[in-house]
Amino acid sequence: MQPAQPAQPVQPVRPETPARPDTATPAVSGAPAVRKGAAPRKPAPGGEAPWDEPRRTPARGASRDEIGWVKAHGGAGASSLAETLGGVDVGARWPEPARGEPRRVMLVGRTSARGLRAVSRALGALQDGKAPQGIDLLGVVLIADAPGRLPLNLLRRIRVVRSVTHVHRVPWIPAWRTGGQPKYLPRQLGALADLVGTGTDGERTVS
C-alpha cells in the first residue's frame, strides 16, 4: 500500500464581490447605444471626471427651458457665462432633461491645449451615446485662455472641433480672471446672448 497523502489545507472561500450596477446612461437620439455591462472607464487624464459617469447631484435651479453651460474641464468659464448671460452652470457632466434639467446645452472650454483636449473628449462621449436622452447640443464655446493670438497648432485643433459642431469664440476678458464682471460685453458674446434671450447687438453695458 502507498502511504497516505497528507491532507491539503483548505483554502477559505471568499464571497464574490457583487457586480456594480450598470451605470451606462441612455444614448442621445441618433447616437449608438451604450453596451450594457461595459467596464467603468478610468478617470480622464488630469483629474477630469469621465464623461460617461452617471449623474451625481442635480444642477441647482435647473430648468429644461434654460441654457445649460457644461464645462469640459475645471476653470472653463461656465460659471462666468451663467452669471453674465443667464442659464445654469451644470458642471462637468451632461444634464438629464428627463429629471427637469436643461436640454439645450453649450459645451464650454478654454483655448489651451488641455482645454481643447477636454472638449474633444466630451464631444466623443456624446457621439458614443454616453449621455442622457433629449440633449440638444447648440455648440461649443471656446474662451481665450490668455490675451493675444493663438498658436497655429491650437488653431488647427479648433478647426477640428468646428468640423463637428458650431464653435463660438470668446476673447480674453480680464474681469473674469479676478472673479468680476466686464463693464462691456464684447461683440463676440452677441450670438450667445441671443441663445439665452439677452438679445444684445454689439457691445453693451452690463447692468
Side-chain angles (χ1 to χ4, degrees), residues 43-51 53-97 99-123 125-126 131-132 135-147 150 158 161 165-200 203-207:
E48 300 296 339
W51 282 97
E53 281 296 312
R55 172 181 174 274
R56 298 304 185 199
T57 56
R60 295 182 179 180
S63 168
R64 280 178 54 90
D65 298 327
E66 291 186 279
I67 288 290
W69 305 102
V70 178
K71 61 182 179 180
H73 57 88
S79 298
S80 297
L81 288 170
E83 292 174 2
T84 303
L85 301 180
V88 178
D89 178 6
V90 178
R93 64 178 179 84
W94 298 114
E96 295 192 39
R99 301 180 72 100
E101 295 186 326
R103 62 178 181 82
R104 299 185 303 149
V105 299
M106 297 288 292
L107 180 63
V108 185
R110 293 284 178 172
T111 55
S112 63
R114 171 178 172 266
L116 293 173
R117 282 196 300 268
V119 167
S120 297
R121 190 181 305 122
L123 291 175
L126 185 64
I135 288 179
D136 182 12
L137 178 66
L138 302 181
V140 171
V141 181
L142 296 179
I143 302 177
D145 63 308
L150 288 177
I158 292 177
V161 175
T165 185
H166 297 290
V167 172
H168 302 269
R169 296 277 302 276
V170 175
W172 173 257
I173 300 178
W176 284 357
R177 188 180 191 185
T178 58
Q181 288 295 330
K183 185 177 181 181
Y184 297 97
L185 288 185
R187 289 189 299 271
Q188 292 88 337
L189 286 177
L192 294 178
D194 291 339
L195 286 176
V196 298
T198 304
T200 180
E203 295 186 355
R204 72 175 177 87
T205 302
V206 179
S207 59

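The chain is numbered in sequence order, starting from 1.
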Report yes if some heavy atom in the side chain of [X] is under 4.5 Å from a heavy atom in the side chain of [Y]; otherwise report no.
| X | Y | value |
| --- | --- | --- |
| Leu137 | Leu123 | yes |
| Pro97 | Ile135 | yes |
| Leu138 | His166 | no |

Between [atom1] of [X] and [atom2] of [Y], what distance do you get to the nearest 0.5 Å?
| X | Y | atom1 | atom2 | result |
| --- | --- | --- | --- | --- |
| Ile143 | Trp172 | CD1 | CH2 | 10.5 Å |
| Ile67 | Arg103 | CD1 | CZ | 9.0 Å |
| Leu81 | Leu192 | CG | CG | 6.5 Å |
| Ile173 | Ser80 | CD1 | OG | 8.0 Å |

Return the minimal non-hydrogen interatomic distance between [X] and [Y], and the atom names on each side.
| X | Y | value |
| --- | --- | --- |
| Val119 | Gly109 | CG2-CA, 3.9 Å |
| Ser120 | Val161 | OG-CG2, 4.2 Å |
| Glu96 | Pro132 | CG-CG, 3.6 Å |
| Asp89 | Ala82 | N-CB, 4.0 Å |
| Glu66 | Pro102 | O-CB, 3.3 Å |
| Gly87 | Trp69 | CA-NE1, 4.0 Å |

query: Got a sec, which residues hit side chain to side chain contact (heavy atoms under 4.5 Å, CB included) with Ala113, two or more places apart in sequence or on another chain?
result: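 Once residues adjacent in sequence are excluded, the partners of Ala113 under the side chain to side chain contact (heavy atoms under 4.5 Å, CB included) criterion are Arg117, Leu154, Arg157.
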
query: side chain to side chain contact (heavy atoms under 4.5 Å, CB included) between Ile158 and Arg169: does it pass, once the steps are laid out?
result: CA-CA 10 Å; Ile158 292 177; Arg169 296 277 302 276; 4.1 Å; yes

message: Among Leu107, Leu150, Thr111, which residue satisfies the side chain to side chain contact (heavy atoms under 4.5 Å, CB included) criterion with Leu142?
response: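 The option that passes is Thr111.
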
